[in-house]
Amino acid sequence: MTNAQKWISVFLGLFLVLFILGRITKKEDSANYMHENYSSAATNESEKKEDGLALIKKNGCIVCHGQDLTGSKMAPQLVNIKEHWSRDGLINYLRNPSAYKDDRFDEFRIKYPNIVMPSYGNIDVKDLGKIADYLLTR
Ligand code: HEC
């Protein structure tokens, strides 16, 4: 082997090592990423339900919608609302209910014009998602 050939093989070897190292670390990255994903999605159905209900209680929804969300004089029942809402639609509604008009609510609007569905744009969207998940399974 000439000197030049030796140098070329050293460089080739180095490239190979770097390439392999690069592959290995890349795999670890995506493995970590997947792991994170899995752990955050790990809540099972019943945990999600409990979260949603807990958030509903914590945010005082039951004050108007009734202890078990079956409605009151002031606000409609939150039962079977999957007939009217998709998950995204419901989240949007909770963030800005005044943008939504429906004569289903006339009865409440006429009787108690000062009691309106408050906007919950201040609640974290993820939590709104949990609330929506809960309401859509009732
Ligand atoms: C101050 C009373 C009040 C509170 C508190 C309240 N709501 Fe309401 N909500 C209403 C009223 C009144 C309506 C009827 C809609 C309207 O008049 O625009 C309504 C409507 C709704 C609807 C639409 C129901 C349907 O049939 O489409 C949903 C969903 C809802 N509320 C969820 C919630 C959630 C979740 C909370 C708590 C985070 C909450 N509300 C807190 C008064 C309230």
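Each ligand, and each atom within it, is numbered from 1 in the order the structure gives.
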Measuring from atom 26 (O) of ligand 1, which candidate in Lys111, Arg104, Arg109 has the nearest non-hydrogen atom?
Arg104
Heavy-atom nearest option to atom 22 (C) of ligand 1, drawn from Tyr112, Tyr93, Phe105, Phe108
Tyr93
Is the contact between Leu94 and ligand 1 made by the side chain, the backbone, both, or neither, using heavy atoms and a 4.0 Å cut-off?
side chain
I need the atoms of ligand 1 closer than 4.0 Å to a non-hydrogen atom of Ile131, numbered in the order shown.
35 (C)
Report, as yes or no, whether the 6.0 Å neighbourhood of atom NZ on Lys58 holds more than 12 heavy atoms from other residues, nucleotides or ligands.
no
Using heavy atoms and a threshold below 4.0 Å, how should the contact between Leu78 and ligand 1 be classified: side chain, backbone, both, or neither?
side chain
Determine whether any heavy atom of Pro97 lies closer than 4.0 Å to an atom of ligand 1.
no
re atom 14 (C) of ligand 1, the protein heavy-atom contact at minimum distance is Pro76 CD, 3.5 Å
On a heavy-atom basis, the closest approach of Tyr120 and Leu128 is O-CD1, 3.8 Å
Nearest neighbour in protein (non-hydrogen) for atom 12 (C) of ligand 1:
Met74 O, 3.4 Å
Angle subtended at atom 8 (Fe) of ligand 1 by Met117 SD and His65 NE2, rounded to 10 degrees:
180°
Side-chain touch Tyr112/Asn114, heavy atoms, less than 4.5 angstrom:
no
When you compare the side chains of Asp68 and Thr70, does any donor N or O come within less than 3.5 Å of an acceptor on the partner?
yes
Interfacing atoms of ligand 1 (cut-off 4.0 Å, heavy-atom, Trp85)
25 (C), 27 (O)
Check ligand 1 against Gly60 and write out every atom of the ligand that is under 4.0 Å from a heavy-atom position of the residue.
5 (C)
Is the CD atom of Gln67 crowded by more than 12 outside heavy atoms at less than 6.0 Å?
no
Tightest non-hydrogen contact, residues Met74 and Cys64, listed as CE-CA, 4.1 Å
Does His84 reach ligand 1 with a nitrogen or oxygen that is under 3.5 Å from one of the ligand's nitrogen or oxygen atoms?
no
Using a strict 4.0 Å cut-off to heavy atoms of Pro118, name the atoms of ligand 1 that fall inside it.
3 (C), 4 (C), 5 (C), 6 (C), 7 (N), 43 (C)
Between Asp133 and Lys130, does any NZ, NE, NH1 or NH2 come within less than 4.0 Å of an OD or OE carboxylate oxygen?
no
Under a 4.5 Å cut-off applied to non-hydrogen side-chain atoms, are Phe105 and Met117 in contact?
no
Relative to the ring of Tyr100, is the ring of Tyr93 parallel (under 30°), tilted (30 to 60°) or perpendicular (over 60°)?
perpendicular
List ligand 1 atoms under 4.0 Å from Leu90, heavy atoms only on the residue side.
29 (C)
Would you say the side chain of Pro76 lies within less than 4.5 Å of the side chain of His65, judging by non-hydrogen atoms?
yes
Who's the nearest protein heavy-atom neighbour of atom 36 (C) of ligand 1, and how far?
Cys61 SG, 2.8 Å
Which heavy atom of the protein is the closest neighbour of atom 2 (C) of ligand 1, given with residue, atom name and distance?
Cys64 SG, 1.9 Å
Give the numbers and elements of all ligand 1 atoms closer than 4.0 Å to a heavy atom of Ala75.
10 (C), 11 (C), 42 (C)
What protein heavy atom is closest to atom 5 (C) of ligand 1, reported as residue, atom name and distance in Å?
Tyr120 OH, 3.4 Å
Between Val79 and Arg138 the two heavy atoms that sit nearest each other are CG2-NH2, 3.5 Å
Ile115 neighbourhood, listing ligand 1 atoms whose heavy-atom distance to it stays under 4.0 Å:
1 (C), 2 (C), 12 (C)
How about Val10 and Lys6: do any of their side-chain heavy atoms sit closer than 4.5 Å?
no
